[in-house]
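For reference, the structure discussed in these notes is given below.
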Amino acid sequence: MKKYFFLLLAALMSLGAAAERKEVHILSANDMHAKLGAFPALADVADSLRTLYPSLLIFSAGDNRTGDPLNDMYDIPAYPMVALMNQVGFDATTLGNHEFDSGTKGLARLIGLSNFSYICANMHPADSLGIHLLPTKLFDVEGIRVGVVGAVQLGTHGLPDTHPDNCRGISFTPVNETVAQYEWLRRQCDVCILLSHNGYEEDVESAALFPWLDLIIGGHTHTQIGGGETHNGVLITQNVNRLRRVTHTTIILERDADSQPWRIVRKKADLIDLERHQGRNKVVQDMVRFFSDNPAFHRALATVEEPFGNYEELGCMMTDAFVEMTGSDIGIENYGGVRFGEHPAGPFTLSDVLSLDPFGNFAVVMELTGLELHRMLINCCDNDGHNFPYVSGVRCQVEREPKDSTRIKRLTLLNPDGSKFNLKKTYRVVTNNYVSTICDAPRHDQGTQLNKKTSDLIISFLEKRGSVNYKGVSRITEIKK
């Protein structure tokens with residue numbers, strides 16, 4: 001009996017010794033938005049992880065650019081971000097909607113300067129544009145086959161959320177319709193990843209549709225997930241924007257010595273807080289210092305008397321600038337056009353303006369009746385993530401459908417003093433060329449583009465005022481019933 005027991009024990013030990021285990025390690029970022037100052041810490045994290053895991057993969061889920069004028073207004077727009085990503089050693093990125101902000105020529109040039117791959121399966125550029133993309137890419141991680149497919153979000157007009165002119169010559173296919181075509185990756189790869197600039201809720205939907213995926217690295221909505229979430233067996237990761245946090249994902253695989261394929265036995269995602277990380281890569285620090293050496297951007301335009309505390313206060317200042325500097329009655333700025341929500345008391349600099357309004361949009365003036373304006377505001381909300389725009393020269397009471405908060409049940413317009421708004425009167429309305437393009441509500445006047453950028457209007461407004469105080473200013477009231 002003892003002999004049988006020891007033989008069985010030896011056999012079990014032999015089986016245990018025969019099992020193989022490997023790990024895939026991924027460092028991922030999303031919506032970096034040209035946060036150059038965070039790169040020395042990011043590079044140090046990458047260096048530390050590579051010391052432990054030499055085959056570390058580094059991915060971005062898009063929107064690498066647009067957010068810092070030092071990057072976005074460089075001689076080659078957005079080149080500083082590409083140079084820093086090259087230095088850190090990114091392996092791949094998908095495209096975010098803001099990768100299109102310098103148009104197709106700018107995008108093609110940046111891709112040509114990148115040492116990493118651009119993976120996006122639902123984008124189909126004309127050959128003449130010279131935009132070199134991959135729909136998928138396979139990475140070999142110490143014998144583990146990692147397959148990656150990429151996708152960019154599409155808005156209500158079937159285009160990424162950028163000015164339509166930036167996408168001329170490019171066609172797009174819906175994300176889930178496209179991803180469905182790549183299920184063959186499951187047969188060829190040990191790990192299947194979707195690099196998605198599509199938004200958190202959309203990623204959850206993709207996880208439900210495509211259980212053959214192992215991991216979705218997400219972006220676009222800046223949703224902070226506590227490490228990772230598992231939906232339908234698919235691990236989803238995403239962080240807030242501007243490189244405040246990144247994610248280290250570990251995928252553990254096992255197989256018996258005489259069997260195939262590898263099987264995933266564990267997936268986990270750990271947050272890394274770059275704002276608290278103490279280490280700095282000195283080479284990258286010197287690169288950031290070089291790209292930041294432009295004193296013109298630090299010129300003070302006006303003094304902020306009381307801190308800006310939210311996006312609407314800044315949106316109100318922007319639209320006031322539009323109105324005052326163009327002699328208009330009403331100003332509109334789309335919700336997504338206000339790029340930060342806080343600013344301390346003290347100087348408001350040129351860099352601040354170009355970070356607040358970084359898109360290079362031009363001002364557009366149109367003559368609208370009150371009724372046309374009413375329709376346009378609702379349409380702008382529908383086409384900007386169902387977020388109501390910021391305004392000047394009018395107050396808005398917004399009541400949403402109780403069972404569907406994305407739909408506006410009733411919009412009431414009031415004059416700034418609270419009196420009744422005249423829907424029959426004609427008003428001079430100023431906005432940016434992005435809003436005038438995406439808002440397709442019926443109107444007689446499609447608008448006249450001025451030879452002035454909206455950022456220039458803000459600069460002139462601040463220089464004229466000398467000081468500003470928007471503490472507590474609000475013109476949008478969301479009515480709850």
Side-chain angles (χ1 to χ4, degrees), residues 26-47 49 56-74 76-102 106-107 110-111 113-120 150 152-153 160-162 195-200 217-225 237-249 271-277 280-281 284-285 287-288 291-292 336 339-341 351 354-356 358-359:
I26 301 164
L27 178 63
S28 61
N30 62 273
D31 301 277
M32 294 187 284
H33 285 295
K35 184 64 174 178
L36 306 185
F39 263 80
L42 174 63
D44 187 74
V45 168
D47 292 344
L49 288 173
L56 176 74
L57 295 171
I58 305 181
F59 294 143
S60 167
D63 272 7
N64 305 320
R65 59 163 299 164
T66 305
D68 186 333
L70 293 168
N71 174 74
D72 305 326
M73 301 188 71
Y74 198 73
I76 302 174
Y79 172 71
M81 276 297 291
V82 166
L84 290 168
M85 291 173 71
N86 286 343
Q87 184 65 30
V88 170
F90 274 77
D91 293 282
T93 181
T94 194
L95 291 169
N97 51 298
H98 288 294
E99 262 65 68
F100 300 90
D101 283 349
S102 56
L107 176 57
L110 288 179
I111 291 175
L113 294 168
S114 301
N115 295 338
F116 47 90
S117 300
Y118 287 72
I119 304 174
C120 191
V152 63
Q153 65 83 221
D161 290 342
T162 186
L195 203 52
S196 161
H197 193 83
N198 199 31
Y200 170 75
I217 298 172
H220 185 55
T221 50
H222 309 171
T223 304
Q224 185 58 65
I225 297 176
T237 69
Q238 187 175 164
N239 289 303
V240 290
N241 63 339
R242 293 185 63 76
L243 274 178
R244 285 172 277 178
R245 298 177 188 88
V246 291
T247 303
H248 171 212
T249 301
L271 287 182
I272 299 175
D273 190 334
L274 289 185
E275 291 183 317
R276 296 186 178 183
H277 184 76
R280 299 290 185 271
N281 179 296
V284 173
Q285 206 163 28
M287 291 177 68
V288 171
F291 288 129
S292 302
R339 299 309 293 177
F340 59 78
S351 178
L354 298 175
S355 297
L356 180 67
F359 305 114

Going by side-chain contact (heavy atoms from CB on, under 4.5 Å), name the residues that satisfy it together with Asn115, two or more places apart in sequence or in a different chain.
Asn86
Can you tell which of Met287, Gln285, Met81 makes a side chain to side chain contact (heavy atoms under 4.5 Å, CB included) with Phe39?
Met81
Polar side-chain atom of Gln238 near backbone of Thr223 as donor-acceptor pair, under 3.5 Å
yes
Spacing of Met32 atom CE and Asn241 atom CG [to the nearest 0.5 Å]
11.5 Å
Is there a side-chain contact (heavy atoms from CB on, under 4.5 Å) between Leu42 and Leu27 once you walk through the steps?
CA-CA 10 Å; Leu42 174 63; Leu27 178 63; 4.2 Å; yes
Of all the heavy-atom pairs spanning Pro358 and Gly67, show the shortest one and how long it is.
CB-N, 4.3 Å
For residues Val152 and Gly96, report the shortest heavy-atom separation together with the two atoms involved.
CG2-C, 3.9 Å
To check you understand the geometry: which heavy-atom pair defines the closest contact between Val288 and Pro40, and what is its length?
CG2-CD, 4.0 Å
Sequence neighbours excluded, which residues qualify as side-chain contact (heavy atoms from CB on, under 4.5 Å) partners of Ser355?
Pro69, Phe340, Ser351
Which atoms form the tightest heavy-atom contact between Ala38 and Leu274, and what is the distance?
O-CD1, 4.4 Å
Using side-chain hydrogen bond (donor to acceptor under 3.5 Å, both in side chains) as the criterion, list what pairs up with Asn30, not counting sequence neighbours.
none
Quick one: list whatever passes side-chain hydrogen bond (donor to acceptor under 3.5 Å, both in side chains) with Arg242, sequence neighbours left out.
none
With a 4.5 Å cut-off on side-chain heavy atoms, are Thr237 and Ile225 touching?
no
dist Ile272:CD1 -> Arg245:CZ (nearest 0.5 Å) comes out at 12.5 Å
Please report the C-alpha distance between Leu95 and Leu107 in whole Å, then the side-chain angles of each, then the deciding distance to 0.1 Å, and finally whether the side-chain contact (heavy atoms from CB on, under 4.5 Å) criterion is met.
CA-CA 10 Å; Leu95 291 169; Leu107 176 57; 4.0 Å; yes
Stepwise side-chain contact (heavy atoms from CB on, under 4.5 Å) test for Leu271 and Thr247:
CA-CA 5 Å; Leu271 287 182; Thr247 303; 4.0 Å; yes
Partner set under ring pair (Phe, Tyr, Trp, His ring centres under 6.0 Å) for His248, not counting sequence neighbours
His25, Tyr53
Asn97 side-chain N/O to Asp161 backbone N/O, donor-acceptor pair under 3.5 Å
yes
Results of ring pair (Phe, Tyr, Trp, His ring centres under 6.0 Å) for Phe116 - residues two or more places apart only:
Tyr118
Got a second to check how far Leu110's CG is from Asn64's CG, nearest 0.5 Å?
9.5 Å
List in chain and number order the residues that pass side-chain contact (heavy atoms from CB on, under 4.5 Å) with Pro80, two or more places apart in sequence or in another chain; answer none if no residue qualifies.
Leu36, Asn71, Tyr74, Phe291
Mind checking ring pair (Phe, Tyr, Trp, His ring centres under 6.0 Å) for His220 and listing every partner two or more places apart, or none if nothing turns up?
His197
Counting only N and O atoms by type, is there a donor-acceptor contact under 3.5 Å from the side chain of Asp72 to the main-chain atoms of Thr66?
yes
Show your working on side-chain contact (heavy atoms from CB on, under 4.5 Å) between Thr162 and Asp101 and close with a plain yes or no.
CA-CA 7 Å; Thr162 186; Asp101 283 349; 3.2 Å; yes
So, does Asp63 use its side chain to make a donor-acceptor pair with the main chain of His98 at under 3.5 Å?
yes
Separation of Leu195 CG from Thr93 OG1 (nearest 0.5 Å)
6.5 Å
Check for a donor-acceptor pair, side chain of Arg65 on one end and backbone N or O of Gly62 on the other, with a separation under 3.5 Å.
no
Is there a donor-acceptor contact under 3.5 Å linking the side chains of Asn239 and Gln224?
yes
Could you pull out the closest heavy-atom pair between Ile217 and Ser28, with the gap in Å?
CG2-CB, 3.7 Å
Can you list the residues that meet the ring pair (Phe, Tyr, Trp, His ring centres under 6.0 Å) rule with Tyr200, with sequence neighbours excluded?
none
Residues His277 and Arg280: closest non-hydrogen pair is O-NH1, 2.7 Å
Tell me, please, which residues at least two apart from Ser196 pass side-chain hydrogen bond (donor to acceptor under 3.5 Å, both in side chains).
Asp203
Got a sec, which residues hit side-chain contact (heavy atoms from CB on, under 4.5 Å) with Ala92, two or more places apart in sequence or on another chain?
Phe59, Ser117, Ile119, Phe139
Can you list the residues that meet the salt bridge (charged side-chain N to carboxylate O under 4.0 Å, His left out) rule with Asp47, with sequence neighbours excluded?
none
Can you tell me how far apart CG (Asp68) and CZ (Arg339) are? Round to the nearest 0.5 Å.
13.0 Å
